[in-house]
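Keep in mind that the numbers below use all heavy atoms, side chains included, and drop hydrogens, waters and symmetry copies. These figures come from a predicted structure and were not determined experimentally. Order of the sequence lines sets the chain letters (A, B, ...), proteins ahead of strands, with each chain counted from 1.
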Protein chains: 2
Amino acid sequence: MTHAKEFIKASIKGIKEYVPGKSTEEIAVGYGIESGNIIKLGSNENPLGPSPMAVEAVHNMAGTISVYPSVDAAELKRALADYVGYPEDNVVLGAGMDGVVDTLMRLFVQPGTDVIIPTPTFSYFGIAVGSAGGVPVYVKRQPDYSVDTDSVISALSDSTRFIYLVSPNNPSGNTVPEADVRKIVESTRALVFLDEAYVEFANRSLTGLVTEYDNLIVGRTMSKAMGLAGLRVGYAVVPQWIIGQYMKVTTPFAISRISVAAGLAALQDTDYRKRTIENVLTGRQFLSDGLSGHCRVFPSEANFIMIDVSPKKSKDVTEALLELGIIVRDCTSFRDAGESLIRITVGTPTQNTRLVDAITRILQL
Amino acid sequence: MTHAKEFIKASIKGIKEYVPGKSTEEIAVGYGIESGNIIKLGSNENPLGPSPMAVEAVHNMAGTISVYPSVDAAELKRALADYVGYPEDNVVLGAGMDGVVDTLMRLFVQPGTDVIIPTPTFSYFGIAVGSAGGVPVYVKRQPDYSVDTDSVISALSDSTRFIYLVSPNNPSGNTVPEADVRKIVESTRALVFLDEAYVEFANRSLTGLVTEYDNLIVGRTMSKAMGLAGLRVGYAVVPQWIIGQYMKVTTPFAISRISVAAGLAALQDTDYRKRTIENVLTGRQFLSDGLSGHCRVFPSEANFIMIDVSPKKSKDVTEALLELGIIVRDCTSFRDAGESLIRITVGTPTQNTRLVDAITRILQL
């Protein structure tokens, strides 16, 4: 008799488990450093903490956690639609942008279909494709980490269901120019999923393009500029024909009551958002100026910067930083990122100064 | 050129959208009744509200919502493993039990596989199967809503990947006897998913059987006896060989920081759990005694009871109750439940009295 183990889908074999940034607790225990002395610049969180209005909303909802959330978080969907300037019929929600991606996979990806992913980039999309039974087709970005549109278009086949573009890209920080997005979208009927998780820190968003195409989806999140990473609220702007299908396969009650309330409050807190973005723009420039004499710094439109520490290895440099209580992201777990890239979240001015001092010293060793 | 719409998987067509219980807000607006006068006995929530310790945990965590949760909520997993008396390697988590089900679908279900579901029962499992590309094979329960083990076993094929048993069953309230579970598990190498969402209100749990079989999974939740429906915490006890595979395909950070903290606190609040269970046992008996002269009442081991209001229609009776500000669950949206079944959550003593009075009057009309 077959063991149930043999029933695991073939596509699962190729999946590499998601590697998260290291947590403060982990480093405190592993390196014997007091939590208060650790600075976490490894997960692209907001160093200013959450919006005070969102925190207040959490307190106000605490007494109602025994009640189910609304099945579709309609109120939050309306507010997010307003925020991006679209009607509600163009917006879908999920538990983080990952949750939106999971739901889209259910609609379109199965054994025999493939998805084009320019690398290095955020790894979860590829995991989601494999989990749905599909095949991620990886296409390397160019040496400056821009998307090679010709390679992407050459990789298209009748089986392609998605092309995954991240802009600003994680971990490289650069955006995909509008002309490149249009060229790719117009070259196929497969869906282009443009991941704009970090777009509030960029010069401009391409979310507006969704009105022009039937096959463009723009993913967004409340984890970054809205400061709600801990609460899992993602959304996407989609062509209206997708909405009915999405609602059929989405997990009911995906967004918790607390997340809905905090999300609504964070959207209203324009002052917090302004401070957040100012902190990133100033700090990004500071990091770039402080580090560029010592290593290659890539231009970034995100709340992080990527550096190349070659001939040193990113593994050794991040390890040396951890010993000083500074968490950054070694990019070796990103496919095709090589062994010398490090991603650094923009912190508070004090944190940024400490980071530049530490890394400068380490690179001079 | 093909429109992207044609890329939607064939299995999606057959899916019927999930129908949730009605919310207090919906009825307040729709029927012009003040929220405070509405009683919600339609979604099997805890009428005592949440655990005070869980509420306190939410307040304590509010300031940290900008930080990502731990990728696998390891602390909560350890605590839940203790609670069910298993090692950690037998426990997986998800955003609600629905989240656990979604993840299991990724591992095992695809086009060409099927899943056996005795009906009427909780509808999300079937939706998840279709979303993963599989085919739900529905087998009717017997007239008393017990599982017909022979029909289930006859429905098995080489393509079967899961058999879905809910015990106590939603909406009927009855459990699956241990002998029947064993008979089904032993008849196949397909996985049996035993959904024990309501088991804290039953005479006994079969979670202990997982040690004996390589193909039995028991789903559990913090939404019911733990009072955390609003925070989406589900888990399952699984054979150890599944853990590594599950971790590969689970969505990272699936459980929010707030949910992890509240879950840990609720697990420690044994006093709350005791009060919750006592309220259900007493109230269930009260509802059963009060209604059984007026309609058929099915024996229940859950925090709800099911009644048959024939020759009246459940639609008309639930509508009449809504006009009185009482929300119960019309079961017509459950496949194979017919048109005269209603599911009623056990409320507080005051709520139960109001329900019995109202329904008695309506049934006498």
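Only the side chain of A:Y124 comes within contact range of chain B, with heavy atoms under 4.5 Å apart. Only the backbone of B:V109 comes within contact range of chain A, with heavy atoms under 4.5 Å apart. Proximity to chain B (any heavy atom under 4.5 Å) is shown, for A:S11, by neither the backbone nor the side chain. The parts of B:A54 that come within reach of chain A are both its backbone and its side chain, each placing non-hydrogen atoms under 4.5 angstrom from that chain. Interface residue B:V67: backbone and side-chain heavy atoms are both found under 4.5 Å from chain A. Heavy atoms closer than 4.5 Å to chain B are found nowhere in A:M222, neither backbone nor side chain.
With rounding to the nearest 0.5 Å, the separation of CD in B:E17 from CG in A:D72 is 8.5 Å. Rounding to the nearest 0.5 Å places NZ of B:K9 at 12.0 Å from CD of A:Q245. Interatomic distance, OG1 of A:T160 versus CZ of B:F7, reported as 8.0 Å (0.5 Å rounding). How far CZ of B:R232 is from CZ of A:R232: 15.0 Å, rounded to the nearest 0.5 Å.
Salt bridge status for B:K5 with A:D214: absent, with no side-chain N to carboxylate O gap under 4.0 Å.
Chosen from B:N215, B:I242, B:L231, B:V71, the residue pairing most often with chain A at heavy-atom distances under 4.5 Å is B:L231. With respect to chain A, the highest number of heavy-atom pairs below 4.5 Å among B:S259, B:G244, B:G133, B:P111 belongs to B:P111. Contact count versus chain A (heavy atoms, under 4.5 Å) is highest, among B:I127, B:I258, B:D102, for B:D102.
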Report the C-alpha separation of B:T251 and A:D98 in whole Å, then their side-chain angles, then the decisive distance to 0.1 Å, and conclude whether the side-chain hydrogen bond (donor to acceptor under 3.5 Å, both in side chains) test is met. CA-CA 7 Å; B:T251 316; A:D98 293 350; over 6 Å; no

Would you sort out whether B:Y18 and A:F253 count as a side chain to side chain contact (heavy atoms under 4.5 Å, CB included), showing the intermediate values? CA-CA 10 Å; B:Y18 180 77; A:F253 316 115; 3.9 Å; yes

